[in-house]
Amino acid sequence: MKFLNPLFLTLAVISGFSHGANAQPAFSDESQAFKYDIYREIWFDSQVARSADSLHIYFRLDFIKASHAENEPELYYELRDGYEDKSPGDAYPVNTEKNCLYHSLNTYIYYASVPRSQPERLLVFHVMDKEAGYHYQYDVPLTGENQIPYSNVLLYSAEIDAPLVRFFIHEGDSLYLHSWDQGTERAFVYCYRTAFDAADPPMRLIDRSVNKNLDYDTLFTLDIHKPFTLPGKGLYFIQSDTAAIEGITVLCENIHFPKLAT
């Protein structure tokens with residue numbers, strides 16, 4: 001198992017470049033229609049973990065076509081005060097070699113770290129390819145009034161030795177937990193086998209009562225850094241401190257998920 005030095009992986013902020021003196025649109029005014037386009041060039045996921053002094057951010061890019069990845073689109077992020085912030089700020093380029101934790105076919109996982117002392121509450125990740133004609137912006141909330149603190153525990157795939165950076169796994173996947181708190185030796189896992197209803201159709205209001213309480217079926221512990229497989233399909237909540245509210249959630253499904261098999 002390998003754990004990369006965060007000092008080595010920190011993005012090259014020294015070469016940060018400014019957007020300019022003019023105000024920029026607030027993120028809340030940016031079109032997000034591309035996220036609902038099933039034919040879009042890129043699928044994006046992110047995951048955030050915390051240590052005592054930093055937020056550790058992982059970005060996963062899945063390019064639909066190999067040609068989109070080969071064009072080496074420009075990757076950078078910016079820090080904003082929130083979704084309504086229009087003030088210009090510095091952009092921090094992502095080094096596609098030093099900051100790449102994993103690469104296989106069309107999938108890339110990148111890393112960045114942000115000091116927790118910074119006042120910014122929103123990270124905006126940019127993927128831009130002028131030749132292909134696209135510029136995507138993805139929001140990653142860091143702090144906020146309604147933001148639950150991020151966990152110090154991170155879920156890794158033992159098969160690729162890299163963070164999972166997605167909300168689901170498949171039955172039988174080999175995993176392990178990494179903690180940014182060196183004092184954490186184990187984590188508590190709650191398993192919920194509730195058969196959740198399908199989501200409501202878009203743009204339709206359905207008045208139905210939903211139980212606000214969700215009871216777990218099983219509770220067990222896992223040792224940090226030791227490989228494991230989850231015991232079957234279900235929703236899992238993992239936390240290092242049962243007295244806290246933060247943790248990570250992952251859905252375990254069959255091998256076809258999230259695609260349709262029947």
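Rounding to the nearest 0.5 Å gives a distance of 6.0 Å between CG of L75 and CG of L61. The structure places OG of S104 at 10.0 Å from CD1 of I109, a figure rounded to the nearest 0.5 Å. To the nearest 0.5 Å, atom CD of residue Q47 and atom CG of residue L155 are 7.0 Å apart. The structure places NZ of K86 at 7.5 Å from OG of S28, a figure rounded to the nearest 0.5 Å. To the nearest 0.5 angstrom, R116 atom CZ is 8.5 Å from D53 atom CG. The structure places OH of Y108 at 7.0 Å from CG of N106, a figure rounded to the nearest 0.5 Å.
Sequence neighbours left out, not one pair with a member in residues 248-258 passes side-chain hydrogen bond (donor to acceptor under 3.5 Å, both in side chains).
When every heavy atom of Y76 is checked against every heavy atom of P93, the shortest pair comes out as CB-CA, 3.7 Å. Considering all non-hydrogen atoms of both residues, L219 and F188 come closest at CD1-CB, 4.3 Å. The two residues T229 and G172 make their nearest non-hydrogen contact at CG2-O, 3.7 Å. When all heavy atoms of S151 and I248 are compared, the closest pair comes out as CB-CG2, 4.1 Å. In terms of heavy-atom proximity, L142 sits nearest to Y150 at O-CE1, 3.5 Å. Here the closest non-hydrogen pair linking V165 and D45 is O-CB, 3.4 Å.
Y176 and H225 share no side-chain donor-acceptor pair at under 3.5 Å. Counted by atom type alone, S240 and N152 present one or more donor-acceptor pairs between their side chains at under 3.5 Å.
By the 4.5 Å heavy-atom criterion applied to side chains, S157 and R166 are not counted as neighbours. The shortest side-chain heavy-atom distance between V250 and L175 does not fall under the 4.5 Å cut-off. Side-chain contact between L101 and P163 is present, with heavy atoms from C-beta onward closer than 4.5 Å. For the pair C252 and E171, the minimum side-chain heavy-atom distance is below 4.5 Å.
Legend: residues meeting salt bridge (charged side-chain N to carboxylate O under 4.0 Å, His left out) with D139, ordered by chain and number and at least two apart, are K35. Listed by chain and residue number, nothing satisfies the side chain to side chain donor-acceptor pair (under 3.5 Å) test with E185 (two or more places apart in sequence, or in another chain). Residues passing the ring-ring contact (aromatic ring centres under 6.0 Å, His included) test with Y136, sequence neighbours excluded: F34, Y134. Taking Y102 as the reference, nothing meets the ring-ring contact (aromatic ring centres under 6.0 Å, His included) condition, with sequence neighbours excluded. With sequence neighbours excluded, no residue forms a salt bridge (charged side-chain N to carboxylate O under 4.0 Å, His left out) with D241. For Y58, the ring-ring contact (aromatic ring centres under 6.0 Å, His included) partners at least two apart in sequence or on another chain are Y111. Legend: residues meeting ring-ring contact (aromatic ring centres under 6.0 Å, His included) with F228, ordered by chain and number and at least two apart, are absent. When the salt bridge (charged side-chain N to carboxylate O under 4.0 Å, His left out) test is applied to D223, the partners found at least two apart in sequence or on another chain are K226. Taking the side chain to side chain donor-acceptor pair (under 3.5 Å) definition, one finds that D62 meets it with R60, T107, sequence neighbours left out. Residues passing the side chain to side chain donor-acceptor pair (under 3.5 Å) test with H170, sequence neighbours excluded: none. Partners of K233 under the salt bridge (charged side-chain N to carboxylate O under 4.0 Å, His left out) rule, at least two apart in sequence or in another chain, do not exist in this structure.
More than 12 heavy atoms of other residues, nucleotides or ligands lie within 6.0 Å of CZ in F44, so this atom counts as buried by the packing criterion. Counting non-hydrogen atoms of other residues, nucleotides and ligands closer than 6.0 Å to CZ of R186 gives a total of 12 or fewer.
Checked by atom type and distance alone, the side chain of D85 never pairs as donor or acceptor with a backbone atom of R80 at under 3.5 Å. The backbone N or O of A244 sits less than 3.5 Å from a side-chain atom of Q239, completing a donor-acceptor pair. Without hydrogens or angle criteria, S54 side chain to H56 main chain gives no donor-acceptor distance under 3.5 Å. A donor-acceptor pair under 3.5 Å is absent between the side-chain atoms of R50 and the main chain of W180, judged by distance alone.
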Checking Y110 against F59 for the ring pair (Phe, Tyr, Trp, His ring centres under 6.0 Å) test, could you report, in this order, the C-alpha distance in whole Å, the side-chain angles of both residues, the deciding distance, and whether it holds? CA-CA 5 Å; Y110 297 99; F59 313 100; 7.9 Å; no
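Ring-plane geometry between H126 and H135 is classed as tilted, the angle between the planes lying from 30 to 60 degrees on a 0 to 90 degree scale.
Tested against Y77, the residues F125, Y138, Y92 include a single ring pair (Phe, Tyr, Trp, His ring centres under 6.0 Å) partner, Y92.
When the side chains of ILVMFWY residues are joined at heavy-atom separations under 4.5 Å, either directly or via intervening members, V127 and V124 end up in two distinct hydrophobic clusters. Put simply, I57 and F27 are part of two different groups of oily side chains (I, L, V, M, F, W, Y) that touch within less than 4.5 Å, one to the next. Note: the hydrophobic cluster containing L55 does not contain L122 (ILVMFWY, side chain heavy atoms under 4.5 Å, direct or indirect links).
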